[in-house]
Amino acid sequence: MPELPEVETVVRGLRAPLAGRTITAMTCDWPGSLATPDGPLFAALVAGQPVRSVDRRGKYILIRLDPDTLIIHLKMTGRLYVVPDAAQDHADRWVHVTFQLDNAYQLRFSDARKFGRVALVRDPAEVLGDLGPEPLDDAFTLDAFRERIARRAGQLKPLLLNQTFLAGMGNIYVDEALWTSRLHPLSRADTLSGDDVTRLYAAIRQVLSEGIVREGASVNWYRKPDGTKGSAQYTLSVYGRAGQPCRRCRHPIERIVVGQRGTHFCPACQTRSPG
DNA sequence: CGGACAACCTGGCGGC
DNA sequence: TGCCGCCAGGTTGTCC
């Protein structure tokens, strides 16, 4: 659920409360939430490290400490927020990792389904691995996208979900980008025309940018660090709209499964490219 | 290399 | 009202 716009919103919301702070201690009640290192070592290493910056790479949150970096992936139900030590937040029934700050506030990691992971590493590359380009970076130009997709042949839906192809898209924004560019999720990358690629590139940037402006889509679990919902869920065109009329042509939106993922599209105006 | 699929988890919901 | 069973999806890992 938390995809690039949601993670970006979380990062922006954490910058102010974490600025200038130092982590003094860490506690964890579910060892599985810690990717690396294990609990005792993690706690010993992180204590005393100051926060230098809060950044995002794909769907990863990078809290750069000194000398290590805290890397958090929210997966489906993860939440990250800063509250006073004594605060009782509604998400606290799922809090598994708590970082004590030096100002009587805490950074809490809540995760109902326990899929999310928190890592502490010297070099972020240890965790990030082979991530694709950032779709909203200036360096990610139409030409760069054209060159990248020219080397692929598979179906568009799984391709756009592949984080080594492009970092940050998830099930919601992939479906939205394909609808916006009028491309069928089962179309193959090697059948796209030059114009198809141009529209897809523009659609990816557009849906992600709008998602950020709306502070993310709170389809179910996602919340901003202040606990409130984003508003991108109100303007989705296909995701979660099976059976409802297409906003463009009124034909009912269809839901199929592609690569084990629920996939929403308009069978009337999202065409499969010839070939 | 790519496609298929299980595993990781549990809240929420539909069905009865 | 209560219980059962299934679905949701990001990523990794395994198998063919």
Side-chain angles (χ1 to χ4, degrees), chain A residues 1-11 28-36 56-62 71-80 89-97 109-119 121 124-132 134-135 148-178 185-191 208 211 216-223 229-230 232-233 236 238-243 253 255-265:
Chain A
M1 296 274 152
E3 307 178 27
L4 189 154
E6 289 75 29
V7 177
E8 178 65 26
T9 302
V10 170
V11 162
C28 171
D29 76 349
W30 182 260
S33 293
L34 301 181
T36 185
R56 177 190 60 76
R57 177 75 175 97
K59 300 173 191 170
Y60 291 91
I61 295 163
L62 285 78
I71 303 183
I72 298 109
H73 198 303
L74 303 175
K75 292 288 177 81
M76 259 80 72
T77 58
R79 293 183 192 173
L80 202 56
D89 189 277
H90 67 287
D92 287 357
R93 56 187 285 206
W94 304 295
V95 166
H96 298 306
V97 187
F109 173 69
S110 166
D111 189 14
R113 287 183 63 184
K114 300 177 177 172
F115 277 25
R117 292 291 182 271
V118 179
V121 292
E126 291 175 39
V127 174
L128 302 182
D130 184 27
L131 272 186
E134 280 294 324
R148 203 166 180 81
I149 202 168
R151 288 184 260 122
R152 299 295 188 136
Q155 296 171 335
L156 292 180
K157 171 85 182 203
L159 179 62
L160 295 175
L161 285 174
N162 184 342
Q163 302 299 297
T164 67
F165 176 71
L166 195 57
M169 304 273 285
N171 211 38
I172 296 174
Y173 293 95
V174 165
D175 283 2
E176 294 300 308
L178 289 171
L186 296 176
S187 282
R188 295 193 164 267
D190 58 358
T191 66
L208 293 177
S218 293
V219 169
N220 44 34
W221 284 91
Y222 163 72
R223 294 293 183 278
K229 296 185 178 188
Q233 67 275 19
L236 297 179
V238 282
Y239 185 87
R241 295 194 66 241
I253 298 301
R255 182 186 186 278
I256 60 176
V257 175
V258 181
Q260 299 168 283
R261 294 300 145 84
T263 297
H264 316 72
F265 71 106

task = Go through the N and O atoms of the side chain of A/Arg93 and the base of B/dT10, and report whether any donor-acceptor pair is under 3.5 Å.
result =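 Under the 3.5 Å cut-off, the side chain and the base do not form any donor-acceptor pair.
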Measure from the side-chain N and O atoms of [X] to the backbone N and O of [Y], and report whether any donor-acceptor pair falls under 3.5 Å.
| X | Y | answer |
| --- | --- | --- |
| A/Glu176 | A/Asn171 | no |
| A/Gln233 | A/Val219 | no |
| A/Lys75 | A/Pro2 | no |

Which nucleotide wins on minimum distance to the side chain of [X], given the candidates [options]?
| X | options | result |
| --- | --- | --- |
| A/Arg188 | C/dT12, B/dG11, B/dG3 | B/dG3 |
| A/Trp30 | B/dG11, B/dC5, B/dC9 | B/dC9 |
| A/Gln260 | C/dG10, B/dA6, C/dA8 | B/dA6 |
| A/Trp221 | C/dG10, B/dG2, B/dG11 | B/dG11 |
| A/Trp94 | B/dG11, C/dG10, B/dG3 | B/dG11 |
| A/Lys59 | B/dA6, C/dT11, B/dT10 | C/dT11 |

key: NZ/NE/NH1/NH2 to OD/OE distance under 4.0 Å, A/Arg57 and A/Glu134   =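 Salt bridge present between A/Arg57 and A/Glu134.
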request  = Remember a base hit wins even if backbone is also touched, and classify A/Gly262 as base, sugar-phosphate or nothing at under 4.0 Å, heavy atoms.
outcome  =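 Touches sugar-phosphate only.
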Rounding to an integer number of Å, can you tell me how far [X] [atom1] sits from [N] [atom2]?
| X | N | atom1 | atom2 | result |
| --- | --- | --- | --- | --- |
| A/Leu160 | C/dT11 | CG | P | 14 Å |
| A/Ile72 | C/dG10 | CD1 | C1' | 16 Å |
| A/Phe115 | B/dA7 | CZ | P | 12 Å |
| A/Leu159 | B/dC1 | CG | P | 14 Å |
| A/Arg151 | B/dC1 | CZ | P | 12 Å |
| A/Leu161 | C/dA8 | CG | P | 14 Å |
| A/Asn171 | C/dA8 | CG | P | 10 Å |
| A/Tyr239 | C/dG10 | OH | C1' | 12 Å |

Does a side-chain N or O from [X] land closer than 4.0 Å to OP1 or OP2 of [N], or not?
| X | N | answer |
| --- | --- | --- |
| A/Lys75 | C/dT11 | no |
| A/His73 | C/dT11 | yes |
| A/Arg261 | C/dG10 | yes |
| A/Gln163 | C/dT11 | yes |

message = For the P atoms, the ones on C/dT11 and on B/dG11, what distance do you get once it is rounded to whole angstrom?
response =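 Looking at atom P only, C/dT11 and B/dG11 are 22 Å apart.
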request  = Pick the P atom in C/dT12 and in B/dC1, then give their distance to the nearest Å.
outcome  =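 Those two atoms are separated by 16 Å.
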ask   = Is there a donor in the side chain of A/His264 and an acceptor in the side chain of A/Asp175, or the other way round, less than 3.5 Å apart?
value =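 Per modelled atom types, A/His264 and A/Asp175 side chains form a pair under 3.5 Å.
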query = Do A/Tyr173 and A/Glu6 meet the criterion of a side-chain donor-acceptor pair at a distance under 3.5 Å?
reply =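 Yes, side-chain donor-acceptor contact under 3.5 Å.
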